Protein chains: 2
Amino acid sequence: MRGLRLQDVADKAGVSVSTVSNVVRDRPHVSAKMRHKVQTAIDELGYRPNRVARQLATGRTGFIALAFMQITNPYFAELGQMMSRVAERAGYRVLFEETGASLEAERELLTDLDSSLVDGILLQPSAISQRELARTRTDVPLVLLGEASAPLTLDHVMIDNVAAAREITADLIAAGCRRIAFVGHEETALSETSRQRLLGYQEALQAAGLGVDPARLVAFDAAPVGTVPSAHLPIGRALDRGLDADALVCRDDLVAFGAIRAAQERGLRIPADLAITGWDNTWASALAFPGLTTVSPNLATLASTAFGLLAERIDGYAGAGRHVVTSHSIVRRESSPPPAAGGE
Amino acid sequence: MRGLRLQDVADKAGVSVSTVSNVVRDRPHVSAKMRHKVQTAIDELGYRPNRVARQLATGRTGFIALAFMQITNPYFAELGQMMSRVAERAGYRVLFEETGASLEAERELLTDLDSSLVDGILLQPSAISQRELARTRTDVPLVLLGEASAPLTLDHVMIDNVAAAREITADLIAAGCRRIAFVGHEETALSETSRQRLLGYQEALQAAGLGVDPARLVAFDAAPVGTVPSAHLPIGRALDRGLDADALVCRDDLVAFGAIRAAQERGLRIPADLAITGWDNTWASALAFPGLTTVSPNLATLASTAFGLLAERIDGYAGAGRHVVTSHSIVRRESSPPPAAGGE
DNA sequence: TTGAAAGCGCTAACAG
DNA sequence: CTGTTAGCGCTTTCAA
């Protein structure tokens with residue numbers, strides 16, 4: 001089977017390699033007779049085209065890279081799954097690339113991966129600066145995902161984090177919560193993601209005439225990459241120190257799971273004693289008890305939009321960066337009180 | 001930057017392409033002087049080798065495929081992460097391939113992917129039969145993962161599912177549980193995985209002189225691929241129908257999470273009223289409340305063993321199939337009573 | 001419509 | 001130790 005070339009098929013069928021090539025690629029201008037003769041030879045020999053040789057000849061690999069912090073975060077697993085499906089329909093394969101949120105890994109990705117290995121890159125940056133991104137060689141098409149601020153020159157797809165944070169916080173207020181804390185933003189280096197979500201949280205409080213109490217901001221640094229997340233420990237400590245809150249707006253679902261655990265360990269009823277919300281709507285938020293109220297990005301739209309932009313770049317589009325905001329919704333489950341519940 | 005060839009570097013440095021090639025690949029027998037001259041040219045030009053051309057010339061891609069049901073299952077995400085790290089150290093990249101547990105996808109993988117795209121395949125089969133696997137063309141090196149029975153001709157890495165199931169069940173018995181149910185095996189088509197875990201469960205019960213009551217087997221079909229798992233619904237129904245059990249040995253962690261939710265919805269205390277165990281020890285089992293007692297495969301060993309076997313095959317080993325059993329342990333958390341607890 | 005031949009960029013014999 | 005050259009298997013003009 002190995003080493004079966006276009007030439008072998010051509011010999012067997014008594015035609016030229018280019019005719020066989022045309023048949024293999026299903027191109028027009030091949031007579032039905034030829035096509036049949038060649039197809040027979042292909043079938044009998046069990047010929048399969050060598051993708052690498054084709055890649056070298058065409059200059060395209062049919063691969064795109066999808067780079068993010070880590071695959072064990074269910075949000076990225078779901079994003080990756082969705083992206084693979086979208087890409088597959090267009091004949092692309094997706095290569096997952098973990099950066100571990102490290103600056104070097106993100107840099108390396110942009111320089112090292114260009115080497116004709118992929119036709120384009122989808123990157124959800126977490127460490128690299130906007131300036132460095134802007135300066136990056138435009139060698140290989142690049143589309144950015146997520147809320148990190150992106151240079152105007154690059155394509156970028158995100159959801160409106162500020163609005164979503166505002167909405168989910170407003171929901172809690174409408175349900176009667178008055179002492180709402182924000183949980184899970186970074187302690188040492190605030191990420192752009194956390195910044196935007198904090199902003200929306202603050203806006204919602206102010207719009208309701210509620211003060212923003214710094215004592216209700218529970219920051220901590222996430223567990224090291226590859227480690228089991230353990231958000232329940234710092235949250236537990238905050239509760240033990242007497243955090244004065246009737247609701248927790250968590251930075252993401254993983255933090256929210258930790259919050260649920262910390263609350264339950266302390267015998268707090270959710271949402272009666274403490275409402276909890278998350279962010280991402282991954283599978284686990286439906287399976288948690290109580291079910292987690294959370295921000296749900298429209299992953300299908302996000303993935304197809306991002307892939308679409310990248311495909312256009314690959315096909316030669318060279319215009320200015322396009323910044324697209326895709327939709328989200330709030331999924332209400334049992335971890336937050338129903339809006340109809342009224343005041344305290 | 002694009003279209004910068006070995007020849008360009010050679011011209012600039014005033015040497016031949018093969019010398020440049022030798023420098024790029026860091027091969028011996030190049031004088032320090034030459035090396036320096038060439039390296040300077042490489043740096044000034046910003047040359048990067050074209051991986052695809054190298055692939056065509058060497059016949060190796062540096063890719064291996066890792067194929068499994070679905071990436072959103074945290075076990076596979078963690079396995080994939082671990083495998084990527086192991087492979088990276090050996091200079092390989094891992095291509096994730098979702099089969100969705102479909103027979104066609106697994107077949108396609110073995111025929112379609114061989115086309116010089118990857119140097120080898122790691123497959124955790126779920127639908128394809130042992131006979132079909134045995135008959136598969138040995139075109140591209142293949143190593144099987146998981147407990148599906150594998151043909152003797154192929155390499156295979158797994159943990160001892162029967163023993164692990166026996167151990168975790170015996171643990172529950174030692175802690176005083178007497179009415180232990182098994183939860184989450186398939187209703188319509190029992191998988192080999194479930195079969196082995198059921199077997200170990202049964203053996204432990206019999207070894208303790210406890211009868212095996214068919215009424216304590218709670219089977220149901222998993223949610224369709226890509227859907228939110230909802231094991232809590234069928235488990236809830238079983239509880240409502242009066243399932244007579246003081247412990248649930250769950251097929252895997254996802255089922256266990258559903259069991260926790262179903263139990264908590266009904267006000268059952270875990271483990272006092274109902275002990276629950278899982279399988280996989282994914283990150284979520286530490287974050288659940290109560291923390292989940294679960295079987296923990298040694299993922300690092302599993303990944304490096306499987307990769308090692310595959311690398312040997314890629315490097316030409318052509319001997320008989322090797323079947324390796326890697327270690328596991330039981331991680332005890334709060335969802336099961338401590339062994340010291342004694343009788344009821 | 002079909003065929004011949006020149007690359008795609010790199011590696012690896014072999015010669016010098 | 002360095003250079004020359006013939007592939008790797010496919011695509012793609014360009015002639016026929």
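Chain identifiers are assigned alphabetically (A, B, ...) following the order of the sequence lines, protein sequences preceding nucleic acid strands; residue numbering begins at 1 within each chain. Keep in mind the model is a prediction, meaning the values are calculated, not measured.
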Trainee: Between C/dA12, C/dT11, C/dC8, which one does the side chain of B/Arg27 approach most closely?
Mentor: C/dA12
Trainee: Would you kindly compare B/Lys33 and B/Ala53 by the position of their nearest DNA chain D nucleotide and give the one closer to the 5′ end?
Mentor: B/Lys33
Trainee: Measure from the side chain of A/Ser16, starting at C-beta and using heavy atoms only, and say which of C/dC10, C/dG3, D/dC1 lies closest.
Mentor: C/dG3
Trainee: Using a heavy-atom cut-off of under 4.0 Å over every strand shown, decide if B/Val24 touches base, sugar-phosphate, or nothing.
Mentor: nothing
Trainee: Could you give the CZ-to-P distance, from B/Arg51 to C/dT11, as a whole number of Å?
Mentor: 10 Å
Trainee: Could you give the CD-to-P distance, from A/Gln7 to D/dC10, as a whole number of Å?
Mentor: 10 Å
Trainee: So, do A/Phe307 and A/Tyr92 have ring centers that fall under 6.0 Å from each other?
Mentor: yes
Trainee: Starting at CG of B/Asn50 and ending at C1' of C/dC10, how long is that distance when rounded to a whole Å?
Mentor: 8 Å
Trainee: Check every atom of D/dC10, C/dT2, C/dT11 against the side chain of A/Met34 and return the nucleotide holding the closest atom.
Mentor: C/dT2
Trainee: Side chain of A/Ser31: nearest nucleotide among C/dG9, C/dT2, C/dG7?
Mentor: C/dT2
Trainee: Using 30° and 60° as the class limits, which term best fits the ring planes of A/Phe76 and A/Phe68: parallel, tilted or perpendicular?
Mentor: parallel
Trainee: Whole-Å distance between D/dC10 C1' and A/Arg60 CZ?
Mentor: 16 Å
Trainee: Whether B/Arg5 engages the ring of B/Tyr47 as a cation-pi pair (distance to the six-membered ring centre under 6.0 angstrom, angle to the ring normal within 45°) should be assessed.
Mentor: no
Trainee: Which nucleotide wins on minimum distance to the side chain of B/Leu6, given the candidates C/dC10, D/dT11, C/dT1?
Mentor: C/dC10
Trainee: Between A/Lys12 and A/Glu44, is the closest basic N to carboxylate O distance under 4.0 Å?
Mentor: yes
Trainee: A/His29 side chain: which of D/dG3, C/dT1, D/dT11 is closest?
Mentor: C/dT1
Trainee: For the side chain of A/Tyr47, starting at C-beta, report the closest nucleotide among C/dA13, D/dC10, C/dT1.
Mentor: D/dC10
Trainee: Atom CG of A/Asp8 to atom C1' of D/dC8: distance rounded to whole Å?
Mentor: 13 Å
Trainee: Would you say the base of D/dT11 and the side-chain of A/Ser18 have a donor-acceptor pair closer than 3.5 Å?
Mentor: no
Trainee: Please pick, from C/dT11, D/dG9, C/dC10, the nucleotide with the shortest atom-to-atom distance to any side-chain atom of A/Leu56.
Mentor: D/dG9
Trainee: Report which part of the nucleic acid A/Arg25 touches: base, sugar-phosphate, or nothing (heavy-atom distance under 4.0 Å, all strands).
Mentor: base
Trainee: Can you tell if the side chain of B/Leu110 reaches within under 4.5 Å of the side chain of B/Arg107, non-hydrogen atoms only?
Mentor: no
Trainee: Report the residue (A/Asn22 or A/Val17) whose heavy-atom-nearest nucleotide on DNA chain C is the more 5′ of the two.
Mentor: A/Asn22
Trainee: Whole angstroms only, please: what is the CZ-P distance between A/Arg35 and C/dT1?
Mentor: 11 Å
Trainee: Hey, does the Lys NZ or Arg CZ of B/Arg322 hover above the aromatic six-ring of B/Tyr317, less than 6.0 Å from the centre and inside 45° of the axis?
Mentor: yes
Trainee: Let me know the distance between CZ of B/Arg5 and P of C/dC8, rounded to the nearest Å.
Mentor: 6 Å
Trainee: Base, sugar-phosphate, or nothing for A/Val52, non-hydrogen atoms under 4.0 angstrom?
Mentor: nothing
Trainee: I want to check one thing: is the phosphate of C/dT2, taken as OP1 and OP2, less than 4.0 Å away from some side-chain N or O of A/Thr19?
Mentor: no
